[in-house]
Novice: 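Dumping the structure here so I can ask a few things about it.
Letters A, B, ... mirror the listed sequences (proteins, then strands); counts begin at 1.
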Amino acid sequence: MDRVLLRRDGAAVVATVCAEDGTPGAATVLPAGELPGWVAAREAAGAVRWVWDDTTRWYPALLDAGVRVERCTDLRLSAAVLRRSPYAGPTPAPDPGWAALEPVTAGDPALFDLADPADSLDPLAEHRRQQAAVAASPHRGRLGLLLAAESSGALAAAEMTWAGLPWRADEHGRLLTGLLGDRPPPGLRPPVLERLAGEVRAALRAPDLNPDSPVALLRALQTAGLPVEDTRSWTLERYEHPVVPPLLEYKRLARLLAANGWAWLDAWVRDGRFRPVFLPGGVVTGRWASSGGGALSVPVQVRPAAVADDGWRLVVADVAQLEPRVLAGMSRDAALADAARAADLYAGMVAAGVVATRAEAKLGVLGALYGGTRGESGRMMPRLARRYPRAIGLVEDAARTGERGAVVHTLLGRGSPVPGGAWAQEAADLGEAPEPAGRDTDRARRAWGRFTRNFVVQGTGAEWALCWVADLRNRLWRLGPGEPLHRRPHLVFFLHDEVVVHTPAYLAEEVGEQVRQAAATAGRLLFGDFPLDFPLDVAAVRSWADAG
DNA sequence: GCCCTGGGCGCC
DNA sequence: AAAGGGCGCCCAGGGC
């Protein structure tokens, strides 16, 4: 049964509707404070799907009240998927307010604002429209799975922020002091950086140089005789000059200080938890984005500070080479799936005699996924195309489709954006490959082809990962029944193809098993009985840094 | 003072 | 001949 939640005049209204066609049934009006108890009671009775405008507007308060829900439909996220999906059946245009709706975060003053734009939308009508779009889809199963997975992801994201990743500020502080010296007063460099800046200035004979200024640094490097056009680390590495070692060290430590230094600790770690905001569907391909704290790029350098509570463990799991495996599945390329039978797909390619070394295999596969054709990566392509014609054919088709200005889609039907450049307009007008165009136009066209090439694989990879997380979330809930979410094994972090679960130590092994079973389930959901392995590296550790 | 862009670099 | 996907975030520096 579907229950649609809406907010009217400060009260919560719960409308019961038929799950098949959205026909409305009875409605209940509740003072806002009574909602959590009411939801908890229905949830315990089972078989309910909560339908709401936006998970970020409802779920955090339910979690605060100790209420966890099993299933939901997030109308905002679903509308975004349907808007671009070639699999969506025809429906009247949605209220444009759905496309404009922004997720909210805890500190957001708009959260309980009477002027919240969400309150002028009609969730009942939008729910009916979305049901109709799926019912009329030529791929109901796939599209329905995508919407369900997207909504489950929204629940998982809210729960991860709520629970937080265990983070030891003392450990992090020790690490910073060890590398940078004592914390300086605001506006000053820590001692180690100050010393390195001095060495850089001396080596370049530039006593006033600010090494944080790329423009000034470039000029100083050139004056000192280094023929560089930029100041990137991998450019500098190529030169033997006394400035290079201290400058590279300076850049490494300055980056740590700026991105994950004491200021980061102050801003993002409270009560032993790092609580990043995850944004499901935040990337066009369907990957999650994040907001605040740089959650999607927590450097390996500071992961020693992510430490399980006493008596608990972190179960860290990641998939080896997710994207080439997904490509094998979506193209049903049996030869590539064979290579993927090995725990290391690249080793499997070497064993099959496709390439001579693992390094070649990796270069070739990444080139196929990203559109790299330069140098060694490009030289691998003909061999890969011969041995894996279906897989390579799929990404090549996606590239050509994008170059024509047309739309591609993932396995479950997430559509790519329509290109906006002038070249795309030409292509659309001509309906064909356009006249020979200028160099810039050509470059833009090919860049879009690389984007659509990668879109189909990255996006389907994101769908696999979403199914994995969604299934795992429910499996974890069944371990340790009767406890609140944060006293059971629960997800605390997700990063494209990696999850971290915080669990009582005695359940760590069982959690690892559930992580593997969830991966197998995700594979079956997307690829049916096509034989394809998704091997995981799983580690139960005290600190995140001890995994992998 | 705010806002935007580009360089650079962390993650996948 | 040239041709490498997706993000977020920090800083400097220029425009207002």
Novice: Checking base pairs now: Watson-Crick or wobble, both atom distances under 3.5 Å. What partners C/dG4?
Specialist: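 Paired with C/dG4, as far as the under-3.5 Å criterion goes, is no nucleotide at all.
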Novice: Expressed as a whole number of angstroms, how long is the span from A/Glu396:CD to C/dA3:P?
Specialist: 17 Å
Novice: Between C1' on C/dG4 and CE on A/Met380, what's the gap in Å once rounded to a whole number?
Specialist: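 My rounded result for the distance is 16 Å.
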Novice: Work out how far the P atom of C/dG4 is from that of B/dC12, and round it to whole angstrom.
Specialist: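 Straight-line distance between the two P atoms is 22 Å.
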Novice: Less than 4.5 Å apart, any side-chain heavy atom of A/Cys467 and any of A/Thr521?
Specialist: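 Answer no - side chains too far apart.
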Novice: Tell me what A/Asn260 touches on the nucleic acid: a base, only sugar-phosphate, or nothing, going by heavy atoms under 4.0 Å.
Specialist: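 The answer is nothing, as A/Asn260 stays clear of every strand by at least 4.0 Å.
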Novice: When the distance from CG of A/Leu248 to C1' of B/dG8 is rounded to whole Å, what number comes out?
Specialist: 13 Å
Novice: Measure the distance from CD on A/Glu229 to P on B/dG6 and round it to the nearest whole Å.
Specialist: 18 Å
Novice: What's A/Val300 touching, base or sugar-phosphate or nothing? Going by heavy atoms closer than 4.0 Å.
Specialist: sugar-phosphate
Novice: Would you indicate what A/Arg303 reaches in the nucleic acid, counting non-hydrogen atoms under 4.0 angstrom: base, sugar-phosphate, or nothing?
Specialist: sugar-phosphate
Novice: Taking C-beta and beyond as the side chain, do A/Leu147 and A/Leu82 meet within less than 4.5 Å on heavy atoms?
Specialist: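 Heavy-atom side-chain distance check passes, below 4.5 Å.
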Novice: Taking atom C1' of B/dC11 as reference, at what distance in whole Å does atom CH2 of A/Trp288 sit?
Specialist: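 About 16 Å, once rounded to whole Å.
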Novice: Searching all strands shown, indicate the nucleotide that pairs with B/dG1 (Watson-Crick or G-U wobble; both distances under 3.5 Å).
Specialist: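 C/dC16 is the nucleotide pairing with B/dG1.
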Novice: Return the value, rounded to whole Å, for the distance between atom CG of A/Leu366 and atom C1' of C/dA3.
Specialist: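 Nearest whole value for this atom pair: 16 Å.
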Novice: Could you tell me whether a side-chain N or O of A/Ser85 sits under 3.5 Å from a main-chain N or O of A/Gly415, the two making a donor and an acceptor?
Specialist: no
Novice: For the residue pair A/His172 and A/Trp264, is the inter-centroid distance of their aromatic rings smaller than 6.0 Å?
Specialist: yes
Novice: Could you check if a side-chain atom of A/Arg387 sits within less than 4.5 angstrom of a side-chain atom of A/Met349, using non-hydrogen atoms only?
Specialist: no
Novice: What one-letter contact string describes nucleotides 5-16 of chain C from 5' to 3', where B marks a base within less than 4.0 Å of any protein heavy atom, S marks contact via sugar-phosphate atoms alone, and - marks no contact?
Specialist: BBSBSS-SS---
Novice: With respect to the phosphate group of B/dG8, does any side-chain polar atom (N or O) of A/Arg232 fall under 4.0 Å of OP1 or OP2?
Specialist: yes
Novice: Find out whether A/Glu159 and A/Tyr59 are in side-chain contact, i.e. whether some heavy atom of one side chain is under 4.5 Å from a heavy atom of the other.
Specialist: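 Yes; the side chains approach each other to less than 4.5 Å.
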Novice: Would you mind reading off the distance between A/Asp318 atom CG and B/dC11 atom P, rounded to a whole angstrom?
Specialist: 14 Å
Novice: Which of these passes ring pair (Phe, Tyr, Trp, His ring centres under 6.0 Å) with A/Phe493: A/Phe278, A/Trp167, A/Phe274?
Specialist: A/Phe278
Novice: Give the rounded distance in Å between these two atoms: CG of A/Leu221 and P of B/dG8.
Specialist: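 Distance check: A/Leu221 CG to B/dG8 P gives 10 Å.
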